[in-house]
There are 2 protein chains.
Amino acid sequence: MQNQQVLTKNQKIVLDIIEKSSQPLKAYSILFDVKKKGINAPLQVYRALDKLVEIGKIHKIESRNAFIACKNSKCQITKATVFSICENCEDVKEIHDHKLSEHLKHYKDNKGMKYSKYNLEFFGLCKNCIKN
Amino acid sequence: MQNQQVLTKNQKIVLDIIEKSSQPLKAYSILFDVKKKGINAPLQVYRALDKLVEIGKIHKIESRNAFIACKNSKCQITKATVFSICENCEDVKEIHDHKLSEHLKHYKDNKGMKYSKYNLEFFGLCKNCIKN
DNA sequence: TAATATTTGTTATAATATAACACTATGTAA
DNA sequence: TTACATAGTGTTATATTATAACAAATATTA
Ligand SMILES: [Zn+2]
Ligand SMILES: [Zn+2]
Ligand SMILES: [Zn+2]
Ligand SMILES: [Zn+2]
């Protein structure tokens, strides 16, 4: 199974740092953090990121050019991602809503397109930022 | 009403070129095209793009860093966008599906977030690319 | 073993986007 | 009309994000 494959050294280092963060990290901030572990160049980070996205260990938040770890085994297979993003504090959370994902997974347009993947990003204000 | 406001010279030039294209355009390709009209620098393009996105005349395809004209008056207000993207030929279409957008518009998570906007991108293969 | 594919390390560079600042046009209100 | 505020412009410089190209090292498989 793809998401159980063995990771290489660089992939492990990069994944580790993303998993330790509750919030999305940017490629060059990851690079900065992993320099002490022997990763020196952007490409080394981007290559690891590409692979980790491909196997579903992390997701890219497209509107933010940032990467967050996935904690749900299901979207690793379906490539179906939903995020909520606070436009004030930039807090990002992955949403796992079975009903919503079923709805989207089975969505068919009238153009005959065959979908294999989707990405949905909700924007707004989180509970904290509404109060303040 | 916001989407009927008068556009400035640069905004018109940039909008014009995006509206003439059926497919999303990238900022620097827009810049290249509008140089003959007196726009010389990236910032002039990006400022026009920002404004046009803000008033809903165009949308940004986040996963592609590209901009496409909106032909639907409704998403100019709601900032609710859905796109289908062919991963083979890169054909992009905006989807206007009332049922889907109602479903998303009224979506509530259990975190107390208040959403004002969403962007959904479907990826797959278009009719043509499936055949070939 | 040899062949094959994948990953790595490295330098250089491409592509995307914003900061800062002086200036200009436009609208609003004394 | 003048004063002020707001938004847009033109420009140079720079920041941020991402990939090309190539040689060397490592892992996979036959
Ligand atoms: Zn996930
Ligand atoms: Zn917030
Ligand atoms: Zn639209
Ligand atoms: Zn296609």
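Values in this document were obtained by computation on a predicted structure and should not be read as measured data. Residue numbers begin at 1 in each chain, while the letters A, B, ... track the order of the sequences. What's counted below: heavy atoms across the whole structure, side chains too, no hydrogens, waters or symmetry copies.
- Here D:dA23 presents its P atom at 16 Å from CG of A:Leu43, a figure rounded to the nearest Å.
- Atom-to-atom, CZ of B:Arg64 to P of C:dA17 comes out at 14 Å; the value is rounded to the nearest Å.
- Taking 4.5 Å as the limit, some side-chain heavy atom of B:Gln23 sits within range of a side-chain heavy atom of B:Val92.
- Counting heavy atoms from C-beta outward, B:Leu49 and B:Ile18 have side chains that approach closer than 4.5 Å.
- Against DNA chain D, the stretch residues 19-31 of chain B makes no heavy-atom approach under 4.0 Å.
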Report the C-alpha separation of A:Phe122 and A:Phe83 in whole Å, then their side-chain angles, then the decisive distance to 0.1 Å, and conclude whether the ring pair (Phe, Tyr, Trp, His ring centres under 6.0 Å) test is met.
CA-CA 6 Å; A:Phe122 284 106; A:Phe83 301 100; over 10 Å; no

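- Distances shown here put every side-chain N or O of A:Asn65 at or beyond 4.0 Å from the OP1 or OP2 atom of D:dT17.
- One atom, CG of A:Leu52, and another, P of C:dT7, lie 11 Å apart when rounded to the nearest Å.
- Between A:Glu94 and A:His96, some side-chain heavy-atom pair lies under the 4.5 Å cut-off.
- The nearest whole Å value for the distance from the NZ atom in B:Lys37 to the P atom in D:dT9 is 15 Å.
- Using a 4.0 Å cut-off, no side-chain N or O of A:Asn40 falls inside it from OP1 or OP2 of C:dT11.
- Minimum interatomic distance between B:Cys70 and B:Gly56 (heavy atoms only, all atoms of both residues): CB-O, 3.6 Å.
- Checking the phosphate oxygens (OP1, OP2) of D:dT9, a side-chain nitrogen or oxygen of B:Thr8 falls inside 4.0 Å.
- When heavy atoms are screened at a 4.0 angstrom cut-off, A:Ile39 is found touching no nucleic acid atom at all.
- What you find for B:Lys79 and B:Ile55 is that their closest heavy atoms are NZ-N, 4.2 Å.
- To the nearest angstrom, C1' of C:dT6 lies 14 Å from CD1 of A:Ile55.
- When rounded to the nearest whole Å, the span between OH of B:Tyr46 and P of D:dT14 equals 19 Å.
- Atom C1' of nucleotide C:dT16 and atom CG of B:Asp50 are separated by 13 Å, given to the nearest angstrom.
- Taking only side-chain nitrogens and oxygens, A:Gln44 never comes nearer than 4.0 Å to OP1 or OP2 of C:dT10.
- Put simply, A:Lys60 has a side-chain N or O that comes within less than 4.0 Å of OP1 or OP2 on D:dA18.
- When only modelled atom types and interatomic distance are considered, B:Glu62 and A:Ser63 share no side-chain donor-acceptor pair under 3.5 Å.
- The distance between atom NZ of A:Lys12 and atom P of C:dT8, rounded to the nearest whole Å, is 10 Å.
- For B:Lys9 and C:dT24, the shortest distance from a side-chain N or O to OP1 or OP2 is not below 4.0 Å.
- Mapping A:Arg47 and B:Gln11 onto DNA chain D via the closest heavy atom, the residue that lands nearer the 5' end is B:Gln11.
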